[in-house]
Amino acid sequence: MANRRNFIKNSVGLAAGVLLAKSAGAAEGFLGMEQGAFKFEQQPLGYAYNALEGAIDAQTMQIHYEKHYGAYVKNANDALTEEKVQVKDAKEIFANMDKYSAKLRNNGGGAFNHAMFWTLLHAPKTDNKPTGSLLAAINKDFGSFEKFKEEFAKAATTQFGSGWAWLVVADGKLKVGGTPNQDNPLMKGVKLQGKPILGLDVWEHAYYLKYQNKRPDYIGNFWSIVNWDQVQKYYDQK
């Protein structure tokens with residue numbers, strides 16, 4: 001009987017792992033794509049809440065992931081049901097954003113943006129910087145990595161109220177800018193258009209417990225936790 005229980009337990013665990021593997025880890029994973037009817041999924045964080053200590057504290061990470069991100073996913077899926085939206089992925093929603101409600105815009109954007117954001121972070125590193133073709137593109141389009149950081153930090157600092165700062169690929173070039181609320185560069189009608197490869201959440205819930213009103217300090221510490229290997233993967237994605 002014990003062997004049977006272990007077999008069932010292991011089989012269930014394997015099935016769950018397969019489902020997660022389909023929706024996370026691949027380049028399109030953070031889009032929440034799945035076979036059949038599309039829905040947003042709360043993607044695994046991939047590291048402990050305290051993994052980013054020094055830049056982002058554990059309490060902020062737990063509240064941010066469980067409460068804020070969890071609510072965005074739930075509310076976005078509620079909106080999909082209420083509005084009878086049938087699409088293949090989140091990109092299709094964003095490309096036709098003018099057709100949908102503010103509820104779907106705000107929560108769909110929140111679900112997508114946060115799912116991507118989690119993949120862009122790792123434990124703090126000293127002298128943390130990109131390499132290879134991404135660094136070459138940064139040097140070409142911004143003059144240097146330091147100048148890129150200055151421009152990105154300016155976009156993050158000057159984003160009025162809640163929003164995001166982004167590094168995008170547009171027309172073969174890297175560009176930096178900001179979006180308000182939970183908008184992102186994939187949404188129709190947003191001023192900053194392009195493929196997002198790096199994003200920074202500058203909503204107060206992302207940093208206020210540790211930094212209070214000192215957003216520039218939060219932005220400065222962000223550079224130590226950027227997962228440049230993942231940014232490179234998004235950059236390479238066609």
Side-chain angles (χ1 to χ4, degrees), residues 30 43 45-72 106 109-131 134-135 138-139 141-168 174-185 190-192 196-232 234-235:
F30 67 83
Q43 302 295 334
L45 189 59
Y47 39 80
Y49 292 131
N50 66 355
L52 310 179
E53 285 283 1
I56 302 177
D57 61 284
Q59 184 180 15
T60 293
M61 283 301 301
Q62 183 171 6
I63 295 171
H64 199 174
Y65 178 81
E66 294 181 3
K67 303 300 183 181
H68 293 279
Y69 175 44
Y72 287 128
N106 294 331
F112 175 94
N113 296 351
H114 284 86
M116 183 177 186
F117 185 49
W118 310 136
T119 71
L120 294 167
L121 308 176
H122 61 36
K125 291 183 178 180
T126 57
D127 194 29
N128 190 35
K129 62 189 299 184
T131 58
L134 177 59
L135 180 58
I138 288 173
N139 289 336
D141 293 331
F142 297 99
S144 70
F145 180 56
E146 290 304 317
K147 288 182 179 178
F148 154 70
K149 290 202 301 182
E150 290 175 7
E151 191 167 334
F152 188 95
K154 181 179 179 181
T157 303
T158 60
Q159 176 58 49
F160 182 76
S162 300
W164 290 74
W166 301 97
L167 173 65
V168 305
L174 295 175
K175 297 180 180 179
V176 158
T179 59
N181 303 314
Q182 292 296 350
D183 284 2
N184 65 57
V190 170
K191 184 177 180 180
L192 178 69
I197 62 173
L198 176 66
L200 175 60
D201 188 347
V202 293
W203 282 63
E204 286 189 343
H205 66 236
Y207 64 87
Y208 200 82
L209 288 179
K210 180 177 176 66
Y211 296 97
Q212 288 79 51
N213 63 329
K214 300 175 183 177
R215 186 190 287 185
D217 291 351
Y218 163 66
I219 297 166
N221 285 335
F222 170 65
W223 298 116
S224 70
I225 58 173
V226 175
N227 184 346
W228 288 110
D229 288 342
Q230 185 61 57
V231 181
Q232 178 77 58
Y234 292 141
Y235 176 69

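Bear in mind that the values here come from a model prediction, so they are computed numbers and not experimental data.
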Sequence neighbours excluded, which residues qualify as side chain to side chain contact (heavy atoms under 4.5 Å, CB included) partners of [X]?
X      : answer
Gln62  : Tyr49, Glu66
Pro216 : Thr157
Lys129 : Asp127, Phe145

- Criterion side chain to side chain contact (heavy atoms under 4.5 Å, CB included) against Val226, the qualifying member of Leu198, Leu200, Leu120, Leu121: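 Single side chain to side chain contact (heavy atoms under 4.5 Å, CB included) partner of Val226 among Leu198, Leu200, Leu120, Leu121: Leu198.
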Please find the pair of heavy atoms, one from [X] and one from [Y], that lie closest to each other, and give the distance.
X      : Y      : answer
His122 : Ser224 : CE1-O, 4.0 Å
Pro196 : Val168 : CA-CG1, 3.9 Å
Ile225 : Ala55  : CG2-CB, 3.7 Å
Tyr207 : Gln212 : CE1-O, 3.3 Å

Any chance you could measure [X], atom [atom1], to [Y], atom [atom2], to the nearest 0.5 Å?
X      : Y      : atom1 : atom2 : value
Thr131 : Leu134 : OG1   : CG    : 7.5 Å
Arg215 : Gln159 : CZ    : CD    : 7.0 Å
Asn106 : Asp183 : CG    : CG    : 7.5 Å
Tyr235 : Trp228 : OH    : CH2   : 12.5 Å
Leu167 : Ile138 : CG    : CD1   : 6.0 Å
Phe148 : Phe142 : CZ    : CZ    : 6.0 Å

- Query: Any side-chain donor paired with an acceptor under 3.5 Å for His64 and His205?
  - Reply: yes
- Item | Test item: side-chain donor near acceptor, Tyr208 and Thr60, under 3.5 Å | no
- Item | Aromatic ring pairing Tyr72/Trp203, orientation class (parallel under 30°, perpendicular over 60°, tilted between) |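 Ring orientation of Tyr72 relative to Trp203: perpendicular.
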- Message: Filter on salt bridge (charged side-chain N to carboxylate O under 4.0 Å, His left out), then keep only pairs touching residues 145-155, sequence neighbours left out; what's left?
- Response: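 Those involving residues 145-155 are Glu146-Lys149.
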- Query: Are the side chain of Asn50 and the backbone of Ala58 linked by a donor-acceptor contact shorter than 3.5 Å?
  - Reply: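 Not confirmed, Asn50 side chain does not pair with Ala58 backbone.
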- Check: Asn113 side chain, Gln182 main-chain N or O, donor-acceptor pair, under 3.5 Å: yes
- Task: Could you pull out all residues at least two apart from Asp201 that satisfy salt bridge (charged side-chain N to carboxylate O under 4.0 Å, His left out)?
- Result: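 For Asp201, no residue satisfies salt bridge (charged side-chain N to carboxylate O under 4.0 Å, His left out) once neighbours in sequence are set aside.
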- Would you check, one step at a time, whether the test ring-ring contact (aromatic ring centres under 6.0 Å, His included) holds for Trp118 with Tyr69? CA-CA 10 Å; Trp118 310 136; Tyr69 175 44; 5.8 Å; yes
- Give the intermediate values and the outcome of ring-ring contact (aromatic ring centres under 6.0 Å, His included) for residues Phe117 and Trp164. CA-CA 10 Å; Phe117 185 49; Trp164 290 74; 5.5 Å; yes
- Query: How about Leu192 and Asn184: do any of their side-chain heavy atoms sit closer than 4.5 Å?
  - Reply: no
- Item | Contacts of type side chain to side chain donor-acceptor pair (under 3.5 Å), residue Tyr211, not counting sequence neighbours |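 Counting only residues at least two positions away or on another chain, Tyr211 forms a side chain to side chain donor-acceptor pair (under 3.5 Å) with Asn221.
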